[in-house]
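Computed over heavy atoms, backbone and side chain alike; hydrogens, waters and symmetry mates excluded.
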Amino acid sequence: MVKIRTVILSTALLTVAPLSFGFDWGGSLHNNSKYEGNKIKKLSTDQRDSASLWFRVPLTDVNSDSGNASLTVRGSYEYNYDNTFEGRDRFINTLDVDLCCLSYSSSIKNTFFSVQAGRFFYSDLSSVVFSQVADGAAATLKFPSVELSAYGAYTGLLNMHTTSLLDADSKDYKPRHLYQLQSKYAVFGATLSVPHMIFNQGFALQGFGAVKLEKKNLRRFYGTAAFSGSLIPRTYYNFSTTFAFKSYDCEKYKISNLTQIKLSVYPNFKSAYLALNGVYASGENGKLDPFVGFTSAEAVKNLESKEYTGLIKGGAEASVKIIEPVALFASADAIINAEENHLKYDGFQYTAKCGIQISSDLSLEGSFSQYRHKKNKDLNNTVIQLKGTFTF
């Protein structure tokens with residue numbers, strides 16, 4: 001009996017030992033001090049301090065002919081003091097697992113296949129409709145000239161402290177709970193892309209959907225077409241348009257649109273980057289209804305943190321590394337109100353940012369941004385933000 005146990009233990013150790021050499025782990029400490037308010041002399045504090053740990057363990061030999069598999073897990077704790085809500089202070093402690101993913105990839109001749117399952121980050125083609133973690137699976141199949149991918153997930157096990165959904169269930173938000181379950185949605189999508197259709201121009205089509213699984217029925221479906229490529233050396237473009245179809249409580253589907261365009265230039269100087277960009281998110285414009293995505297995303301830096309709906313935004317951004325560890329960034333946008341057929345200029349916003357990579361494991365960042373409304377000064381907003389990250 002002792003010999004049998006010895007053989008079993010020895011076999012297990014011999015099996016696990018080669019994999020243990022690929023085991024990797026790390027962590028980070030992060031500080032985010034944010035001061036925000038309508039008047040620069042009277043800013044409220046939003047202080048966030050967090051710590052995270054992660055590990056990755058291979059499940060197959062790195063040189064295996066049958067493919068590579070691994071498990072990656074990351075968990076975090078965050079303390080948040082937030083008095084930006086008028087009339088009361090808020091202390092929030094959050095525990096979360098934002099990554100717990102089994103990954104497998106394999107290639108045979110000119111075909112590549114990969115699959116992910118668990119909790120991981122996913123973004124749709126527009127990067128506006130859906131951009132967050134969720135519990136589900138994704139698969140990608142790449143051929144020499146075309147790529148196919150599919151995605152499906154569930155949101156009901158996510159932490160409401162760390163994910164913000166549009167049209168989420170109006171359940172009571174409990175700041176003092178370490179983990180509060182998010183609203184229940186099933187999300188799914190499929191993508192067809194041709195990275196080099198002609199003259200290095202790329203094209204992609206994606207269908208995406210979200211169906212509410214509790215209380216009143218809410219269905220949202222999105223169809224996106226995206227084009228990208230090079231115009232001239234060091235100059236690139238990205239264009240996408242998304243049509244959304246939304247039905248609430250079995251009503252007739254309402255159609256809306258989100259269109260984005262970006263022109264980027266990369267001069268051969270100090271890692272510089274320049275870009276012009278424009279966004280249209282429909283309001284009640286003719287036969288179109290107000291656009292509504294799935295993940296909450298700030299489009300305008302006013303006090304209301306306006307989402308991508310009923311607006312036209314156009315602007316420019318630039319970044320440069322004046323010396324190797326120091327990066328500068330600046331952006332400015334003009335905002336046009338498109339909530340109704342009559343368009344009107346609302347205001348402008350700008351951001352200035354400086355990041356310093358002090359060492360390979362320590363970085364600092366400071367930023368200053370403002371939104372100035374044309375008429376309503378109550379919507380004006382100023383944000384001063386300081387960040388620090390230490391990784392190990």
Student: Evaluate Arg119 against Asp135 for salt bridge (Lys or Arg N to Asp or Glu O under 4.0 Å), listing each step before the verdict.
Tutor: CA-CA 4 Å; Arg119 176 171 294 183; Asp135 299 311; 2.7 Å; yes
Student: Does the side chain of Thr163 pick up a donor-acceptor pair with the side chain of Gln182 at under 3.5 Å?
Tutor: yes
Student: Can a side-chain donor-acceptor contact be found between Asp124 and Ser126 if the only test is distance below 3.5 angstrom?
Tutor: yes
Student: Is a salt bridge present between Lys306 and Glu339, judged by a nitrogen-to-oxygen distance below 4.0 Å?
Tutor: yes
Student: Taking only Lys NZ, Arg NE, NH1 and NH2, and the carboxylate oxygens of Asp or Glu, determine whether Arg74 and Asp98 approach each other closer than 4.0 Å.
Tutor: yes
Student: Before we go on, tell me: are the rings of Phe245 and Phe221 under 6.0 Å apart, centre to centre?
Tutor: no
Student: Using the ring of each side chain (for Trp, its six-membered ring), is Tyr122 parallel, tilted or perpendicular to Phe208, with breaks at 30° and 60°?
Tutor: parallel
Student: Check Asn380, Thr382, Leu43 against Asn38 for a side chain to side chain contact (heavy atoms under 4.5 Å, CB included) and give me the one that passes.
Tutor: Asn380
Student: Does any part of the side chain of Gln201, heavy atoms only, come nearer than 4.5 Å to the side chain of Tyr237, both counted from C-beta?
Tutor: yes
Student: Do you see a donor-acceptor pair shorter than 3.5 Å between the side chains of Asn381 and Gln349?
Tutor: no
Student: Distance-only, no hydrogens or angles: does the Asp46 side chain make a donor-acceptor pair with backbone N or O of Glu36 under 3.5 Å?
Tutor: no
Student: Take the angle between the ring planes of Tyr151 and Phe120 and call it parallel below 30°, perpendicular above 60°, tilted in between.
Tutor: perpendicular
Student: Ignoring hydrogens and geometry, is there a side-chain-to-backbone donor-acceptor pair from Ser70 to Leu59 under 3.5 Å?
Tutor: no
